[in-house]
Amino acid sequence: MISVENARQLILKNALPLQPILMPLVQSLGLALAKDVPSPSDYPLYDVSAMDGYALKASDLRGASKAKPVTLKVQGTQHAGDFLKTRLQTGGCFKVMTGGVIPSGADSVLERELVVEKDGRAEFYQPLVKGRNIRYRGESIRKGDLALKAGSLLHSRAIGFLASLGIEKAWVIPAPRVALLVTGNELVRPGRKLKPGQIHNSNQWMLETALREQGLNPARSVSVPDHPGKLKSETRKALDTCDLVLLVGGVSVGDSDFSKPILKSLAVQKVFWRVAQKPGFPLYFGKKGKTLIFGLPGNPASAWVNFYEYVVPCLRTLQGLPTGRVRQTARLVSEGPHRSFKTLFLKARLKSGSDPQVVLLKGQGSHILQSLAGGDSLAVVPPGKGKLKKGEILEVHPLSEGRMP
Ligand code: AMP
Ligand code: MG
């Protein structure tokens, strides 16, 4: 048996970012960049107009006023996407749309609303400062400069930015292939009728969707009976094809707990088994080559808490992402249970504010999901002695849904 902290460290020590691959940018949502990306071009690529208006030479409007307008000949129109070869002539201007390239010779744009155009001539009633409404070439980034550094998360904003530089593919750390194997003779798919003694299989859907909340679709997801032969062949397939295997149930000391001996027979090297915590004491972690294996206890709250506390940081590390955990503290609103030699992860509800408070929920049993479903956080009680007192400050882990930042 090891401590929670020790378990965390051992997992992170064994989780190394996966081999980078070159991937279409549009498919790389949620992944980390494996290499620095230099900009292949200046951005903007041209001097362009920031407004619909008239491109001209600022010096031509010197002294313009309502009483003494300046009139310039409209030489042509420049839409976004046009590239005129004509130069601005003395006494001329160009009508230009937002994103239109500034014709050579022009140095400023006056907004259309401030100009009156009639019979091919535009009238201006005010002077302007040179450079008004112009977005200059290379103003945002210059060719060769660092666009995004290795390790950056490719969210939609980052993908948009790289796309604006014309980048189609990027070296990324791929999504890990994850296998989910839930075990138990008693398990029946929700929606199906139960025979006496059977229960509905909640872990499979819960952990499939927990993976999806992390942006990952399981590569395999199967429910296997407590049959050593079947369990062994499914586990072998998972080990052969995946980066991370979640074996759920059968990891304790019962007569039908086959997970550990099967992993051993498949040459999986045990890193640890059993963590001083509640729920989730029988947690197992091992590796075979580069494949990592978690044995999660089958009690649903244990399985979910272990997934959240250990599997998520591990998956993020495999993806080259920071573990990104939000850690905060809150004041306990009531008395709590006795401390013990185990770390307690208590299902809770957080009231944020200037003095955050945490409410412990009814139903702390490792078989009870109701309090996890209705709660929003885990209150963490480190090992110790004595009853938890009202007003004590506890570490709280918010159970943010979806991918963590
Ligand atoms: P185990 O870890 O296999 O000893 O299972 C511990 C408890 O969790 C038992 O009461 C099982 O019936 C229950 N359990 C195991 N797997 C699941 C599952 N997939 N869905 C719901 N309950 C489960
Ligand atoms: Mg079982």
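First listed ligand is number 1; within each ligand, the first listed atom is number 1.
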### Query
With Phe285, which residues qualify under ring-ring contact (aromatic ring centres under 6.0 Å, His included), at least two apart?
Phe272, Phe294
Look at [X] together with [Y] and state whether they make a salt bridge at an N to O cut-off of under 4.0 Å.
| X | Y | answer |
| --- | --- | --- |
| Asp243 | Arg177 | yes |
| Glu335 | Lys389 | no |
| Glu234 | Lys230 | no |

### Query
Between Thr343 and Gln277, do the side chains contain an N or O donor and an N or O acceptor separated by less than 3.5 Å?
no
### Query
What residues sit with at least one heavy atom under 4.0 Å from ligand 1?
Thr183, Glu186, Leu187, Ile199, His200, Asn201, Ser202, Asn203, Gly249, Gly250, Asp257, Pro297, Gly298, Asn299, Pro300
### Query
Can you tell me how far the OG atom of Ser371 sits from the NZ atom of Lys347, to the nearest 0.5 Å?
3.5 Å
